[in-house]
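So the structure is just underneath, and the comments pick up after that.
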2 protein chains.
Amino acid sequence: MSGQARTERRPTRQRAAIAEALADATEFRSAQEIHADLASAGDRVGLATVYRNLQAMATDGEVDVIRTADGESVYRACATEDHHHHVVCRGCGLAVEVTADAVERWAETVAASHGFTQVRHTVEVDGLCRRCSSGSS
Amino acid sequence: MSGQARTERRPTRQRAAIAEALADATEFRSAQEIHADLASAGDRVGLATVYRNLQAMATDGEVDVIRTADGESVYRACATEDHHHHVVCRGCGLAVEVTADAVERWAETVAASHGFTQVRHTVEVDGLCRRCSSGSS
DNA sequence: CGCTTCATGACAATCATTCTCAAATGAAAT
DNA sequence: ATTTCATTTGAGAATGATTGTCATGAAGCG
């Protein structure tokens, strides 16, 4: 059920560096950020390369992608390979992974009831985490 | 909870034209598309103006906004002012409005259980409508 | 080692969206 | 109707993320 369509890709220093940078992060990071992180760590990796790898990794299901409010794509190494969603803090970026079978079923059902097939869905929840809830304006 | 924060805005020819163009459409349209529609209809409206109004209308809850897969913002005049979600056809763009109290509650609950407050959520479902399902590969 | 193929990197090119600011317009006062 | 003043508009520049191009470099293999 978790068929990794992992395209045969060649391991490179850059790819490893990107994967590691992502593994270190606890929140979602944009391609630009990853690129900057690597640069400041002395790791020279082309921006285009970061984009390409991040996308490839996302396609292979190695990492998760979501869109920020302003349309930027941000990536994160997910703890599980299984399908899940996130609750992201608007304040600090903290991202919690959650599963939602109920929602999956609902999406499938409601879509089917309108005659839709090959259903996919996007569910993202955001708010303020406990910490950020306290000192917010 | 459904307070219309309708900012006091001045009615203009442009705004009306945009609203109408949106009302005529049955699917989600991008600012660029609206702009093109108006132009080809002989309605001269600046692109920036289209963007500004669309955003204002979205903020006021007059129209709905969602992001396409490639990050473009698309708008639609919603039939209801109440909170709802969409099932969009990847083939023809057909958009069906659906409500999902169960999902709303789930989002709130799951977020709260992780200490989050001021929860918001995004839920979009897409697939192939009955018509597009038939002739697909 | 030499070859073939895929990945990389520097930078140009896209493209949606936003910004700038002078000119036009709506609303209300005179 | 005319003045007045805040908003809104529009044309085009500016921004910024993402993608494309293509010569160079590294990986896998015999």
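Chain letters run A, B, ... following the sequence lines, proteins first and then strands; every chain starts at 1.
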List the atom pairs, donor and acceptor, that lie under 3.5 Å between side-chain atoms in residues 90-102 of chain B and the rest of the protein, sequence neighbours left out.
from: B:R90; atom 1: NH1; to: A:Q118; atom 2: O; distance (Å): 3.3
from: B:R90; atom 1: NH1; to: B:D126; atom 2: O; distance (Å): 3.4
from: B:R90; atom 1: NH1; to: B:D126; atom 2: OD1; distance (Å): 2.3
from: B:R90; atom 1: NH2; to: A:Q118; atom 2: O; distance (Å): 2.9
from: B:E97; atom 1: OE1; to: B:A79; atom 2: N; distance (Å): 3.4
from: B:E97; atom 1: OE2; to: B:R76; atom 2: NH1; distance (Å): 3.1
from: B:E97; atom 1: OE2; to: B:A79; atom 2: N; distance (Å): 3.0

Would you mind reading off the distance between [X] atom [atom1] and [N] atom [atom2], rounded to a whole angstrom?
X: A:Q32; N: D:dT15; atom1: CD; atom2: P; value: 15 Å
X: B:E8; N: D:dA6; atom1: CD; atom2: C1'; value: 13 Å
X: B:H35; N: C:dA16; atom1: NE2; atom2: C1'; value: 13 Å
X: B:L54; N: D:dG10; atom1: CG; atom2: P; value: 14 Å
X: B:L47; N: D:dT9; atom1: CG; atom2: C1'; value: 12 Å
X: B:D70; N: D:dG16; atom1: CG; atom2: P; value: 21 Å
X: A:E33; N: D:dT18; atom1: CD; atom2: P; value: 10 Å

What bend angle does the helix from C:dC1-D:dG30 to C:dT30-D:dA1 show across its length, from five-pair end axes and to the nearest 10 degrees? 30°
Please determine, for the side chain of [X], which listed nucleotide ([options]) has the closest atom?
X: B:V45; options: D:dG10, C:dT17, C:dC11; value: D:dG10
X: B:E72; options: D:dA17, C:dT17, C:dA10; value: C:dT17
X: A:P11; options: D:dT18, D:dG28, C:dG9; value: D:dG28

Can you find a donor-acceptor pair, distance only, under 3.5 Å between B:R52 side chain and D:dG10 base?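 Answer is yes: a donor-acceptor pair is held.
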Distance below 4.0 Å between [X] side-chain N/O and [N] OP1 or OP2:
X: A:Q55; N: D:dT18; value: no
X: A:S73; N: D:dT18; value: yes
X: B:T12; N: D:dT9; value: yes
X: A:Y51; N: D:dT19; value: no
X: A:Q14; N: D:dA26; value: no
X: B:R67; N: C:dT17; value: no
X: A:R10; N: D:dC29; value: no
X: A:T49; N: C:dG9; value: yes

Look up atom CZ in A:R13 and atom OG1 in A:T49, then write down how far apart they are to the nearest 0.5 Å. 9.5 Å
Quick check: closest heavy atoms across B:Q55 and B:Y75, and the distance to 0.1 Å?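 Scanning both residues, the minimum pair turns out to be CG-OH, 4.0 Å.
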For [X], I'd like to know if atom [atom1] has over 12 heavy atoms of other residues, nucleotides or ligands within 6.0 Å.
X: B:R131; atom1: CZ; value: no
X: B:R44; atom1: CZ; value: no
X: A:E20; atom1: CD; value: no

Spell out, as yes or no, whether a donor-acceptor pair under 3.5 Å connects the side chain of A:H35 to the backbone of A:G46. no
Pair B:H121 and B:H85, ring centroids less than 6.0 Å apart: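 Aromatic pair counts; centres sit under 6.0 Å.
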For B:G71 and for A:N53, locate the closest nucleotide of DNA chain C by heavy-atom distance; then report the residue assigned to the nucleotide nearer the 5' terminus.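 The residue closer to the strand's 5' end, by nearest nucleotide, is A:N53.
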